Amino acid sequence: MKYVMVEDAGSERPGVLDGDSVLLLDATDLTEVIESGAAPTGVKVPFAEELLRAPLRRFRRDILCTGWNYWDHFEESKGKREGQDVDRPEHPTFFTKGPDVVIGPYDDIAWDPAISAKWDYEAEVALVIGRTGKNIAVDEALDHVWGYTLANDVSQRDLQRAHGGQWLKGKSVDDTMPLGPWIVTADEVGDPQDIHLQCLVNDDVRQDASTRQMAFDVATLISELSFGMTLRPGDLLLTGTPAGIGNAREPQVFLQEGDVVVTRSDKLGTLRNRVVRA
């Protein structure tokens, strides 16, 4: 099933995609649906891309993220981290993003050259936790996933390097992370290590990978993250980006005003976002 947030009669409503219509749910948002469930209202509205909104906006904590989770991406950036190179990690690398980064699947990315001169793209598969868990075993980890969605972890590389190697600041600029277009339930996705992921900028394919190339698979990410730390329904975890980022190219290529960034997947849909001066 594909769960969505749609604009209806001036407000955002959760629903389930049903062919060319959306069956509205009796809940405030998808966070409530994930936490408590929701009954259908019996009301259907026509589906239209322009009515889709970010599937999640209300979070109990920062957005959880994974760095360096494709070895080709880790290797491509060697010598380009401005003195912050590290050895290949033996465990997943985690960081967070502020929740105000989230925008909808077709919203504009708020670009401001006064904030950063190095705006970069990072296509990612994201997962949504559906069951509370702590110290989750690897072989039970996927049972805690409610569904999967797409994100683009648009990053400001100069800010990312400027704060002691901590990535929070260079990953948390408001209105810069497209999310959506929907959340596909875990049962429909099946194997999370069999998802094709691409990022295009102005129709040029910049990233093209399979989640089979992950350094640490989804089950391992959940298990490691939950070690000593409770994960709760509605938590959002980005699982890392593959090779092809602008910062690692020769010469480097960064996002500019007017660029169109497409993040797409065979199983999760398509995000399409224009870079617009804020």
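Here the structure is a predicted model, which means the values were calculated and not measured.
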Any idea how Trp68 and Phe74 line up, ring-wise: parallel (<30°), tilted (30 to 60°), or perpendicular (>60°)? perpendicular
Under 4.0 Å between a Lys/Arg side-chain N and an Asp/Glu carboxylate O for Asp62 and Lys97? no
Glu75 bridged to Arg88 by N-O distance under 4.0 Å: yes
Answer with yes or no whether the side chains of Thr241 and Gln207 bring together a donor and an acceptor at under 3.5 Å. yes
Should we count CG of Asn135 as having more than 12 external heavy atoms under 6.0 Å? yes
Does atom CG of Asp204 have more than 12 heavy-atom neighbours, drawn from other residues, nucleotides or ligands, at distances under 6.0 Å? yes
Any salt bridge linking Glu188 with Lys267? Criterion: basic side-chain nitrogen under 4.0 Å from a carboxylate oxygen. no
Please give me the minimum heavy-atom distance between Val16 and Met1, naming the atom from each residue. CG1-CE, 3.3 Å
Between Asp120 and Arg157 (salt bridge meaning N to carboxylate O under 4.0 Å), is one present in this structure? yes
For Ser155 and Lys171, does a side-chain donor sit closer than 3.5 Å to a side-chain acceptor? yes
Assess whether a salt bridge exists between Glu257 and Arg274, defined as any Lys/Arg side-chain N lying under 4.0 Å from an Asp/Glu carboxylate O. no
Thr41 and Asp26: side-chain donor and acceptor closer than 3.5 Å? no
Testing the 3.5 Å rule here: is there a donor-acceptor pair between the side chains of Gln193 and Arg212? no
Parallel, tilted or perpendicular: which fits the ring planes of Phe95 and Trp167, with parallel below 30° and perpendicular above 60°? perpendicular
As an exercise, state the distance from CH2 of Trp146 to CG of Leu236, rounded to the nearest 0.5 Å. 12.0 Å
Look at Asp112 together with Arg277 and state whether they make a salt bridge at an N to O cut-off of under 4.0 Å. no
Could you tell me whether the side chains of Glu32 and Thr28 share a donor-acceptor contact shorter than 3.5 Å? yes
Between Asp217 and Thr220, does any side-chain donor sit less than 3.5 Å from a side-chain acceptor? yes
Please determine whether a side-chain nitrogen of the Lys or Arg among Lys44 and Asp18 lies less than 4.0 Å from a carboxylate oxygen of the Asp or Glu. yes
Answer whether the closest heavy-atom distance between the side chains of Asn152 and Met177 falls below 4.5 Å. no
